[in-house]
Trainee: 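Structure incoming, see below.
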2 protein chains.
Amino acid sequence: MLRQPSSGYDVKKQFDTSLRNFWKAELSQIYPTLQKLETEGLLSSAKVDSEQGPQRVVYSQTESGKAELLHWLGDGPTVGTERIGFLAQTYFLAQLGDANKAIEFFEELRSYFAERLEALQAREAEWSAANPLYPDELPDHDFFPQLTLDCGIHRIAATLAWCDKTLTRLKQRQRSAA
Amino acid sequence: MLRQPSSGYDVKKQFDTSLRNFWKAELSQIYPTLQKLETEGLLSSAKVDSEQGPQRVVYSQTESGKAELLHWLGDGPTVGTERIGFLAQTYFLAQLGDANKAIEFFEELRSYFAERLEALQAREAEWSAANPLYPDELPDHDFFPQLTLDCGIHRIAATLAWCDKTLTRLKQRQRSAA
DNA sequence: TATCCCATGTAACTAGTTACATGATTCG
DNA sequence: CGAATCATGTAACTAGTTACATGGGATA
């Protein structure tokens, strides 16, 4: 995230815009982590006067930090560690003992994913409109981030379809039970 | 997870079989957590002699624990907290500066998801063969877990499609660059 | 004058991982 | 006889969250 030297505050903005679909972090985690990485020599800092507000602490990548990154990337994909809260809830939903509440749960889920999907598609449309090379001729440092957007769209569309299918099934069960 | 009174060891097995697609936990987290929940009155324990190995500590749900569960389920879906390691890597993959390594990364990813998809489909086939009511007439306490399996299949199929699409795009870029 | 954005952090806590430690029974 | 399974846990550590604390400048 330090291809351009950045402060903790900048890093937070990058999390909130570009990485929000697959990773989040709070400032209270970011600041100590940057300090720790600096003591480990993985990045370096410099103080810079800000145009408004207090002095900025700007961090840059070091050789050793770059090597660590390449090691992580070269070590193969990180998979199988995901924790999906709404599926954990789904698993136990029978214990509500209330078909209507289960349906409400899925309606809320559905509307969340519908909104996310629209947001991602809007983002894609913006990129596409702003850049005639979108998406396949983008330079690498834009192309790979674009892949994460594309993955988000695929996965959220699939999850939305599952919500719809589930709602149909739940309503059918309710009719059968009546 | 304590609809049937269970030991920490049993709970671990439930994580490894039924919940593995959306949540994992180690014994070293499970044992202390069960102890903590007991001190909070959310569950109760009893010692039972085992057929083999040491005495089992078997936990059961309490009224107060059940109430807590219902509260969590009634509070709406937990969303937007997922951390997806392979997308974090994808985002930074340009920094490898090596198109072949990026392709290898996605080939590894693809084969992982292909395998997972087969495993989930096999699981579904088993269930289906073993139970003539599968899936829509299952009783609630089997139906809702089945939904998590179905969601896994939808999402992994979508992710696999994205891997294939990405590989095609990466190979095309390589040709264009040549 | 109130709220938002800039910009930094610490403290207390909760969650989760990896490694260590023990010991019986069963199966190949 | 060795490995796997049953069964319990602790210790040390890393990761992450929530709440607290400060204060200037810009915008409505």
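Below, chains carry the letters A, B, ... as their sequence lines are ordered, and counting in each starts from 1.
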Trainee: What is the distance, to the nearest angstrom, from the NZ atom on Lys47(B) to the P atom on dA7(D)?
Mentor: 15 Å
Trainee: Nearest whole angstrom, please: distance from the C1' of dT25(C) to the CD of Gln55(B).
Mentor: 16 Å
Trainee: Please set out all donor-acceptor pairs under 3.5 angstrom arising from side-chain atoms of residues 90-97 of chain B, sequence neighbours excluded.
Mentor:
residue  : atom : partner  : partner atom : Å
Thr90(B) : OG1  : Phe86(B) : O            : 2.7

Trainee: Can you give one letter per nucleotide of nucleotides 10-19 of chain C, 5' to 3': B if a protein heavy atom sits under 4.0 Å from the base, S if only from the sugar-phosphate, - if neither?
Mentor: B----SSBBB
Trainee: Mind listing the residues from residues 2-18 of chain A sitting with a heavy atom below 4.0 Å of DNA chain C? Number order is fine.
Mentor: Ser7(A), Gly8(A), Tyr9(A)
Trainee: Who passes salt bridge (charged side-chain N to carboxylate O under 4.0 Å, His left out) against Glu107(A), sequence neighbours left out?
Mentor: Lys171(A)
Trainee: Keeping to residues at least two apart or across chains, list the salt bridge (charged side-chain N to carboxylate O under 4.0 Å, His left out) pairs with something in residues 121-135 of chain A.
Mentor: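 Sorted result for residues 121-135 of chain A: empty, none.
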Trainee: With side chain to side chain donor-acceptor pair (under 3.5 Å) as the rule and sequence neighbours excluded, what pairs involving residues 25-42 of chain A come up?
Mentor: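 Listed once each, the pairs are Glu38(A)-Ser45(A).
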Trainee: Would you mind writing out the side-chain donor-acceptor pairs for residues 150-165 of chain A within the sub-3.5 Å range, not counting sequence neighbours?
Mentor:
residue   : atom : partner   : partner atom : Å
Asp150(A) : OD1  : Lys165(B) : NZ           : 3.0
Asp150(A) : OD2  : Lys165(B) : NZ           : 2.9
His154(A) : ND1  : Asp150(A) : O            : 3.0
Arg155(A) : NH1  : Thr159(B) : OG1          : 3.0
Arg155(A) : NH2  : Glu82(A)  : OE1          : 2.9
Thr159(A) : OG1  : Arg155(A) : O            : 2.7
Thr159(A) : OG1  : Arg155(B) : NH1          : 3.1
Trp162(A) : NE1  : Leu147(B) : O            : 3.1
Asp164(A) : OD1  : Arg110(A) : NH1          : 2.7
Asp164(A) : OD2  : Arg110(A) : NH1          : 3.1
Lys165(A) : NZ   : Asp150(B) : OD1          : 3.0
Lys165(A) : NZ   : Asp150(B) : OD2          : 2.9

Trainee: Determine to 10° how strongly the helix from dT1(C)-dA28(D) to dG28(C)-dC1(D) is bent, judged from the axes of its five-pair ends.
Mentor: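 Taking the rotation axis at each end, their angle is 40°.
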Trainee: State, to 0.1 Å, how close Pro5(A) and Val58(A) come at their nearest heavy-atom pair, and which atoms those are.
Mentor: CB-CG1, 3.5 Å
Trainee: With sequence neighbours excluded, what pairs up with Arg169(B) under the side chain to side chain donor-acceptor pair (under 3.5 Å) test?
Mentor: Asp136(A), Gln146(A)
Trainee: Going by the side chain to side chain donor-acceptor pair (under 3.5 Å) test, which pairs reach into residues 58-68 of chain B, not counting sequence neighbours?
Mentor: none
Trainee: Mind checking what makes ring-ring contact (aromatic ring centres under 6.0 Å, His included) contact with Tyr134(A), not counting sequence neighbours?
Mentor: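 Partners of Tyr134(A) by the ring-ring contact (aromatic ring centres under 6.0 Å, His included) criterion, ordered by chain and then number, come out as Trp127(A).
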Trainee: Tell me: CZ of Arg56(B) to C1' of dT5(D), nearest whole Å?
Mentor: 13 Å
Trainee: Check the distance between dG9(C)'s C1' and Tyr59(A)'s OH and give it to me in whole angstrom.
Mentor: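 Rounded to whole Å, this separation is 10 Å.
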Trainee: Taking only residues two or more places apart in sequence, or in another chain, which ones meet Asp140(B) in a salt bridge (charged side-chain N to carboxylate O under 4.0 Å, His left out)?
Mentor: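 With neighbours one apart ignored, the set is Arg173(A).
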